[in-house]
Every structure is written in C-alpha cells, then in structure tokens.
Amino acid sequence: MPGTTAEPEGPAGPQPIGVGVTPTGEAAVDAGLRRLADADHLPASGHLQVYEDVHRGLRDVLAGLDQHPGPPAPSSTTHDNRS
C-alpha cells in the first residue's frame with residue numbers, strides 16, 4: 001500500500017548501548033573499562049567472555065592494593081610494658 005513503511009527483515013544486529021566511561025586515573029582500571037566497549041561489537045553470546053575478562057582484571061587490581069611494599073605497618077595494638 002502506498003504510504004506504509006516496510007517492516008525490517010529479521011532482527012537488527014548488535015547495537016552499542018552508549019554508556020560513557022569516566023577515566024579513573026588508574027591505568028589498569030581504565031583499560032578494563034575501555035575493554036567493556038568491545039561487547040558493543042559482539043553478539044550477546046560473546047558478552048560473557050568480555051565481562052569475565054574485565055572482572056578478572058579489576059580483581060587483580062584490587063588484590064594488588066593489598067600488597068604493601070616495604071616493612072609491615074606497625075600494629076595499633078602494641079603495648080608499652082615499661083615498669
């Protein structure tokens with residue numbers, strides 16, 4: 001019929017969700033956040049691999065924060081046993 005629009009044939013391909021990323025200043029974290037953009041170009045079946053990769057990288061960054069270089073910090077529960 002004239003004036004009607006045709007329905008698209010089949011589903012549309014992957015569409016970016018357009019979530020903005022604000023840099024954190026931590027290079028490893030920022031790289032992980034940029035990696036999330038890779039999911040925009042993959043079918044849904046490929047998203048899990050990207051998310052797991054980013055999650056693993058962020059866990060490594062957090063675990064690295066627990067590694068303190070140098071001697072251990074003094075305990076806050078030391079006792080002065082002077083007489």
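These numbers come from the heavy atoms of this one structure, side chains and all, not from hydrogens, waters or symmetry mates. Treat the numbers as computed from the prediction; the structure is a model and nothing was measured.
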| query | Would you say the side-chain atoms of Asp30 pair up with the backbone N or O of Gly25, donor to acceptor, closer than 3.5 Å? | reply | yes

| request: Can you tell me which residue pairs pass the side-chain hydrogen bond (donor to acceptor under 3.5 Å, both in side chains) test with a partner in residues 49-59, sequence neighbours excluded? | output: Arg35-Asp53

| Apart from Leu62 itself, what residues make up its hydrophobic cluster, given side-chain heavy atom links below 4.5 Å? | Leu65

| note | Taken in chain and number order and not counting sequence neighbours, the residues that satisfy side-chain contact (heavy atoms from CB on, under 4.5 Å) with Val29 are Thr24, Glu26, Leu33, Leu58, Val61

| message | Under 4.5 Å between side-chain heavy atoms, counting indirect links through other Ile/Leu/Val/Met/Phe/Trp/Tyr residues: same cluster for Val50 and Leu48 or not? | response | no

| request: Heavy atoms only: give me the nearest Leu42-Gly46 pair and the separation to one decimal. | output: CD1-O, 3.7 Å

| query | Shortest non-hydrogen contact from Val54 to Gly32? | reply | CG2-O, 3.4 Å

